[in-house]
Colleague: 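First the structure, which I've put down as structure tokens, then a few questions once you've had a look.
Basis for what follows: all heavy atoms, side chains included, without hydrogens, waters or symmetry-related copies. Each chain gets a letter, A, B and so on, in the order its sequence line appears, and its residues count up from 1.
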Protein chains: 2
Amino acid sequence: MNKNITMRDIALKMGVSSVTVSKALNDKDGVSDELKEKIKLAAWEMGYRMNTVAKSMREGLTYNLGVIIPERFTGTSQTFYLRLYQEIAVALQQHNYYGILHILSREDEEQLHLPRIYHEQKVDGFILLGQVSKEYIEVIEQIEQPKMFLDFYDEHAEIDSIITDNFYGAYELTNYLIRQGHRDIAYVGNLYSTSSIQDRFLGYYKSLLEHHLPLRQEWILSDRDEQGTFVDLELPSSLPTAFVCNCDQVAHLLLQQLRAEGYQVPQDCSVVGFDNDIYATLSEPHLTTIEVNINKMAYTAVDSILKKIRDPHTSFGRVLVPGNIIYRDSVKDMT
Amino acid sequence: MNKNITMRDIALKMGVSSVTVSKALNDKDGVSDELKEKIKLAAWEMGYRMNTVAKSMREGLTYNLGVIIPERFTGTSQTFYLRLYQEIAVALQQHNYYGILHILSREDEEQLHLPRIYHEQKVDGFILLGQVSKEYIEVIEQIEQPKMFLDFYDEHAEIDSIITDNFYGAYELTNYLIRQGHRDIAYVGNLYSTSSIQDRFLGYYKSLLEHHLPLRQEWILSDRDEQGTFVDLELPSSLPTAFVCNCDQVAHLLLQQLRAEGYQVPQDCSVVGFDNDIYATLSEPHLTTIEVNINKMAYTAVDSILKKIRDPHTSFGRVLVPGNIIYRDSVKDMT
DNA sequence: CTGAAAGCGCTTACAG
DNA sequence: CTGAAAGCGCTTACAG
């Protein structure tokens, strides 16, 4: 298994030209089947490995895709984006593409620095995984390569995005609580933090509206600051019978706080989460929540961006990937 | 910001040759400082982006590194390797290198297929993250490019590896239990599953030996089958006062089982874990455990493999990265 | 069915 | 200090 076997080496050995070798190895027309097989066999015997760099240079495609995750979504306990990235990597593999992960540091985001994979033309397109600042979005928009938002969107940016159906998921979940007899339902999440939290809130609100239940300001609890750092929850003086949390992690935090203050879940009040991540089953009781379809999101994102690479004029708009309710033990039936 | 600005375009505009542009942009000698600055400015104004593919082809280096993780270590609850991968990606960024993640499917591992990044010469070297079968290791050994094992080793393979100091960590943790007055200490882990579990066991055993405590077969509890799937633990009829678990996740499982059988931790018996992952603080009580220095492991791995890429004759052997004990609430002081 | 030529965008000797 | 030439390993017209 010598290193640096090229098509030329195979051509020399076989007494043909490297053009013929290229055609044979790529299964193109213009070579007899018999010769093709011979060449393939020789290539295999000689331990030939395609030099993709040369191919890339020739074609002007790197066959790499950049996946950008803001650093702040990659904390020890935040595994969601990494799992999504993993699914993306697997999906890309199947299309002969490769993912290059770029963790966008806080400084680079603040100073509006594009990642080096952009400046070095290492990739054919970008998936931006996780919400960044408006200013950074504007910089991203300037990139003339295919790009796509994943798990968030921005109404001002003309960039395709793929998100989980936050609105409908929270709506369904709140409907479920109401069907279980709940009327006093609070929402936990900072409404000004991310589009996901906002949309989940609006789904919750729609459900209230449809059932003619009032929206009470004191029952909207902020869970984090604008940087995304969790803050202590302030429980309202009069406790609702149920809390719709914007994510499982904060539901888990709420559970601990309720327990600390002497409340039992779901006996004294019910709690639902969102995401169906590790916190959902590590919480006691296990959380009723919305399972996000990570796999579908990843596949959809990869399919879309590859289509855009092939044809830059393709556009998808905002694609919603539905999740589904997982029923567990954190909701009391009040009926 | 036009696309496909090349050095030649800059050269044409500046009335110099592309050789001079290349030298200026790469800060090489042979261009006056004045001209250098002018060229850099022009490049910036024209929105020039280096075509790294061309550079790669010329130099014979891809500036990519393959990180291979066996599929079976990437389950929903297994975030450790993904986090390690993330740290590797960040470390690589700082060296102008990029990581390409390859999830090694079960079928490919079984059928001894090397990843496509190998066959397509997409990378300059490999980090194999997570133990694979002996047979697969043998195939990996055939690769003539720099390669390295991370978080496991194989005594028969002449491949450098970087591992957390499992042996010493478990040894220290067991010593601590003994200092707290424990004498009847069990170990939880399948001794034939991975080198980590085995080495942690041996560290535990060394501590027992040093304190002249007997090793009791019925106090070695298997936690998983050979494929790595967790199995139900069989508690010994006479309960020890402490359990040394090979990882936090199984400690968490054990905690649940003990609670289900009516035992209180740490009042009735103590439990320690290993890894300091998410399970350590989600368990009730929080686990005393060994924190693995993920960051240092990633940096060491990246430094080493890059040195090997520069000089293929470099070799490091087995590098142990020490962890450290995190004291929490799962151990009772019996003294 | 097969191959000579050209070119993708760089960089490294080498010559001036 | 500056540049003409060659070449990295492919593939795409094009000619035979």
Side-chain angles (χ1 to χ4, degrees), chain A residues 2-40 42-43 46-64 96 116 118-124 145, chain B residues 2-40 42-43 46-64 96 116 118-124 145:
Chain A
N2 239 305
K3 64 167 83 176
N4 291 341
I5 306 278
T6 68
M7 287 190 179
R8 219 171 140 271
D9 297 326
I10 302 174
L12 249 42
K13 177 153 184 181
M14 301 292 291
V16 297
S17 81
S18 58
V19 175
T20 303
V21 174
S22 170
K23 284 174 183 162
L25 260 29
N26 289 294
D27 262 326
K28 298 246 160 110
D29 283 345
V31 190
S32 68
D33 286 349
E34 196 189 356
L35 183 53
K36 244 185 210 176
E37 285 314 311
K38 270 192 200 160
I39 289 174
K40 284 184 184 172
M46 297 169 78
Y48 173 73
R49 294 187 292 149
M50 165 80 85
N51 183 327
T52 332
V53 173
K55 180 190 168 84
S56 286
M57 156 116 95
R58 183 60 234 244
E59 296 183 353
L61 283 175
T62 64
Y63 295 100
N64 293 146
N96 265 314
R116 191 147 52 200
Y118 169 73
H119 287 109
E120 295 184 350
Q121 300 196 91
K122 285 287 282 188
V123 296
D124 300 334
Q145 290 180 289
Chain B
N2 238 307
K3 64 168 84 177
N4 291 340
I5 304 280
T6 69
M7 288 190 179
R8 218 171 141 271
D9 297 326
I10 302 174
L12 249 42
K13 177 156 186 181
M14 302 293 291
V16 297
S17 82
S18 59
V19 175
T20 303
V21 174
S22 170
K23 284 174 183 163
L25 260 29
N26 289 297
D27 263 327
K28 296 247 162 111
D29 284 343
V31 191
S32 68
D33 286 350
E34 196 189 355
L35 183 55
K36 243 184 210 176
E37 286 314 310
K38 271 192 200 160
I39 289 174
K40 284 184 185 172
M46 297 169 77
Y48 173 72
R49 294 188 292 150
M50 165 80 88
N51 184 325
T52 331
V53 173
K55 181 190 166 82
S56 285
M57 156 116 96
R58 183 59 234 243
E59 297 183 351
L61 283 175
T62 64
Y63 295 100
N64 293 148
N96 266 313
R116 192 148 50 200
Y118 168 75
H119 288 109
E120 295 185 349
Q121 300 195 96
K122 286 287 284 187
V123 297
D124 300 335
Q145 290 181 289

Colleague: Which heavy-atom pair separates B:T62 from A:K122 by the least distance, and what is that distance?
Modeller: O-NZ, 3.0 Å
Colleague: Both A:V31 and B:V19 contact DNA chain C. Taking the nearest nucleotide for each, which residue is further toward the 5' end?
Modeller: A:V31
Colleague: Counting any heavy atom closer than 4.0 Å, what does A:M7 reach on the DNA or RNA strands: base, sugar-phosphate only, or nothing?
Modeller: sugar-phosphate
Colleague: Report the residue (B:V16 or B:R58) whose heavy-atom-nearest nucleotide on DNA chain D is the more 5′ of the two.
Modeller: B:V16
Colleague: Measure across A:A24 and A:V31 and return the closest heavy-atom pair with its distance rounded to 0.1 Å.
Modeller: N-CG2, 4.1 Å
Colleague: For A:K36 versus A:K23, what's the shortest heavy-atom pair and its separation?
Modeller: CE-O, 4.4 Å
Colleague: Mapping B:K28 and B:V53 onto DNA chain C by nearest heavy atom, which one lands closer to the 5' end?
Modeller: B:V53
Colleague: If only atom types and distance count, is the side chain of A:Q145 paired as donor or acceptor with the main-chain N or O of A:V123 below 3.5 Å?
Modeller: yes
Colleague: Once you apply a heavy-atom cut-off of 4.0 Å, does B:D29 come out as touching a base, just sugar-phosphate, or nothing?
Modeller: nothing
Colleague: First contact, last contact: which nucleotides of DNA chain D are these for chain A, 5' to 3', heavy-atom distance under 4.0 Å?
Modeller: D:dG9 to D:dT12
Colleague: Examine distances only and state if a side-chain atom of B:S18 and a backbone atom of B:A11 form a donor-acceptor pair shorter than 3.5 Å.
Modeller: no
Colleague: If I compare all heavy atoms of A:K55 with all of A:Y63, which pair ends up nearest, and what's the gap?
Modeller: CE-OH, 3.9 Å
Colleague: Out of B:V21, B:I39, B:D9, which residue meets the side chain to side chain contact (heavy atoms under 4.5 Å, CB included) rule with B:M14?
Modeller: B:I39
Colleague: Would you name the heavy atoms of A:G47 and A:I5 that are closest together and state the gap between them?
Modeller: O-CG1, 4.4 Å
Colleague: Quick one: the dot-bracket string of DNA chain C, using Watson-Crick and G-U wobble pairs with both distances under 3.5 Å, [ ] for crossing pairs and | for bases paired to another strand.
Modeller: |||.||||||||.|||
Colleague: If you pin A:Y48 and B:K23 to their nearest nucleotides in DNA chain D, which one's is more 5'?
Modeller: B:K23
